[in-house]
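Following: one structure in structure tokens, then a few remarks.
Chain identifiers are assigned alphabetically (A, B, ...) following the order of the sequence lines, protein sequences preceding nucleic acid strands; residue numbering begins at 1 within each chain.
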Number of protein chains: 2
Amino acid sequence: MKKSDKFVVSCQQCGLNALCIPYSLTHEEMDEVDGVVKRGKPLQRGENLFTTGTTFNSFYAIRSGAIKSYNIDENGEEHVIGFSLPGEILGLDAIDTAKHVSSAKALETTSICEIPYSQVETLSSKIHNLQAHMYRLLSREIREDQELQMLLGKKTAEEKIGTFLLNLSLRYEQRKLSSTLFRLPMARTDIGNYLGLAVETVSRVFTRLQCNGGIKVEGKEVEILDRRYLCEIAHSALPNP
Amino acid sequence: MKKSDKFVVSCQQCGLNALCIPYSLTHEEMDEVDGVVKRGKPLQRGENLFTTGTTFNSFYAIRSGAIKSYNIDENGEEHVIGFSLPGEILGLDAIDTAKHVSSAKALETTSICEIPYSQVETLSSKIHNLQAHMYRLLSREIREDQELQMLLGKKTAEEKIGTFLLNLSLRYEQRKLSSTLFRLPMARTDIGNYLGLAVETVSRVFTRLQCNGGIKVEGKEVEILDRRYLCEIAHSALPNP
DNA sequence: CGATTTGTTGATCTTACTCAATAATCGTGG
DNA sequence: CCACGATTATTGAGTAAGATCAACAAATCG
């Protein structure tokens, strides 16, 4: 097996384009990065990848499936922090405390790649482009979180759901999956919890968007019928005009 | 001037304990980190440190004063992202895009330290502890943003304001300033905008908290009278019991 | 196949927004 | 320093968006 092949197998299939930055690493460096990525056994629906308070050793890249990140507050209430789809990375919020500050649960059968943090730390000292990439990765998450804050603080239920659907659509597209027809891996409850809405509101907005011809919903299957209309609803710039 | 003195001058006074990590850097390393930090001329109230879309070259540490980070949306509406107080760092969200994704404006006369990103990148490849620290710094911001998301999505007006005040109190305390008596550097409008509340609601909650003896407000001066009560209102764990 | 969870729809209630009026504070120039 | 206008803050009254409660339908699972 050539080095570049190995790289392709454990890295790009992992959706780890992010970590690997093929355009700026030598084959040798790719191989090194490649070497630290571990493929774990798939998680079953409902299984936890990690839970709050446990020691942070690795972050993870989703290969297939979907993960829900959440926290349980003092009153035992769940708070959904986000959803991770294939090709995305999670666990970066735990670097600072060395303990996981949230829990991560599989929403469906999910296979993941484990990326031991200590090795990334060591490797990124040596490979300058990997370090630069880690900084960008972390920075991007900060920026995305800030966008979400605006969504949560200032937008109406319709704007929240519209933006949520368009965001999912974009993320699937980035992974070469259909951007117009996809399956929501999470329950309505999770969507509501994530967006700060009651389940009933989520349901009602879905129905309303369907009545207006923007989408077609059937259980967890969603089809985006009128992207332009959804963008209007979301009051955000067109992700893909 | 001894090296350690120089370090103290441009670094600790900057509130850059964060960047310097005295406990894990040698004097030589401290001196190197020290060397890249530039002290700029103070900003006057209303002056911008940077604006959305401009090239990102440096991030900044607040030495004194206060900064408001914000964005202007398509409709010309301002959205307040956050406030930076002495000893805190801002601009980390721009690493990814190489352009500033938000604007930063001085809320009062503010002196800052400029930290050229390219130099931190270079230096952190060489000084492993600096790299590790940068990762922690970025990771912490992600975690804090996630906490804010929960606040914005699921909490009532009282919980939001209560948490906001306790958070400010904690941040002042960390910088050895009074945690019980301080001046709000931002307008009510900014607080409301930041927390996703109407100005009027902010005003009303302030009055209500004052009536219940939790705080004393007089214009921008705030005194925390009953921390325990505020914590109850905020429905959060006591930051300092 | 029945039981349990998950999703939808309707009716009512509550929180916080909006609009409006007034009061206080700030900044500026005489 | 004070007077002026402009901005910023407070308070009240009415309204609307979304929460809650409740009932039912549909999907999922053992």
Side-chain angles (χ1 to χ4, degrees), chain A residues 44-47 68 75 77-80 105-109 151-165 183-212 215-222 233 235, chain B residues 44-47 66 68 77-80 105-109 151-165 183-212 215-222 233 235:
Chain A
Q44 290 309 306
R45 178 189 155 88
E47 253 186 285
K68 165 175 87 171
N75 315 315
E77 299 285 328
E78 179 173 308
H79 297 278
V80 175
K105 179 178 280 184
L107 292 167
E108 54 194 48
T109 307
L151 187 71
L152 292 172
K154 318 230 165 69
K155 306 271 193 159
T156 65
E158 292 210 346
E159 287 171 321
K160 287 179 181 180
I161 301 272
T163 307
F164 177 71
L165 288 175
R183 207 183 121 78
L184 299 172
M186 72 295 284
R188 300 284 192 275
T189 321
D190 292 330
I191 299 177
N193 191 315
Y194 175 64
L195 295 175
L197 298 171
V199 205
E200 295 93 329
T201 307
V202 175
S203 212
R204 277 185 253 267
V205 172
F206 271 24
T207 323
R208 211 176 312 154
L209 291 181
Q210 177 154 247
C211 289
N212 298 342
I215 57 172
K216 187 167 177 299
V217 204
E218 208 173 316
K220 297 205 189 291
E221 295 292 332
V222 172
I233 290 290
H235 276 283
Chain B
Q44 289 309 306
R45 177 189 157 88
E47 253 186 285
K68 164 175 87 171
E77 299 285 328
E78 179 173 309
H79 297 279
V80 176
K105 179 177 279 184
L107 292 168
E108 54 194 49
T109 307
L151 188 70
L152 292 172
K154 318 229 164 71
K155 306 270 192 157
T156 66
E158 292 210 347
E159 287 171 321
K160 286 178 180 179
I161 301 273
T163 307
F164 177 70
L165 289 175
R183 207 183 124 79
L184 299 171
M186 71 294 283
R188 300 284 192 276
T189 321
D190 292 329
I191 300 177
N193 191 314
Y194 175 64
L195 294 175
L197 297 172
V199 205
E200 295 93 326
T201 307
V202 175
S203 213
R204 277 185 252 269
V205 172
F206 271 24
T207 329
R208 211 177 312 153
L209 290 181
Q210 176 154 247
C211 288
N212 297 343
I215 57 172
K216 187 166 177 300
V217 204
E218 209 173 315
K220 298 206 189 289
E221 294 292 332
V222 172
I233 291 291
H235 276 283

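Salt bridge A:Glu47/A:Arg45: absent, no basic N to carboxylate O contact under 4.0 Å. Of the charged side-chain nitrogens involved, at least one lies within less than 4.0 Å of a carboxylate oxygen, so that B:Lys216 and B:Glu218 count as a salt-bridged pair. By the 4.0 Å N-to-carboxylate-O rule, B:Lys68 lies close enough to B:Glu78 to be salt-bridged with it.
Within the nucleic acid shown, B:Arg208 has no heavy atom closer than 4.0 Å to any nucleic acid atom. Residue B:Lys154 is out of contact with every strand shown, counting any heavy-atom pair closer than 4.0 Å.
The OH atom of B:Tyr194 lies 10.0 Å from the NZ atom of A:Lys154; values are rounded to the nearest 0.5 Å. A distance of 6.5 Å separates CD1 of B:Ile233 from CG of B:Asn212, quoted to the nearest 0.5 Å. In this structure, B:Glu158 CD and B:His235 NE2 are separated by 9.0 Å, a value rounded to the nearest 0.5 Å. Put simply, CZ on A:Phe164 and CD1 on A:Ile191 are 4.5 Å apart, with the number rounded to the nearest 0.5 Å.
The footprint of chain A on DNA chain C, defined by a heavy-atom cutoff below 4.0 Å, extends from C:dG7 to C:dA11. Along DNA chain D, the stretch of nucleotides lying under 4.0 Å from any heavy atom of chain A spans, 5' to 3', D:dG18 to D:dC29.
Between the B:Ser203 side chain and the B:Val199 main chain, no donor and acceptor come within less than 3.5 Å of each other. Judged purely by atom type and a 3.5 angstrom limit, B:Arg183 has no side-chain atom pairing as donor or acceptor with the backbone of B:Gly219.
For the pair B:Thr201 and A:Arg204, both in contact range of DNA chain C, the more 5′-proximal nearest nucleotide belongs to A:Arg204. Each of B:Val199 and A:Thr156 was assigned the nucleotide of DNA chain D with the nearest heavy atom; the assignment lying further toward the 5' end belongs to B:Val199.
Applying a 4.0 Å cut-off to non-hydrogen atoms, none of the residues of residues 191-198 of chain A approaches DNA chain C.
Shown here for A:Ala157 and A:Thr201, the closest heavy-atom pair between the two residues is CB-CG2, 3.7 Å.
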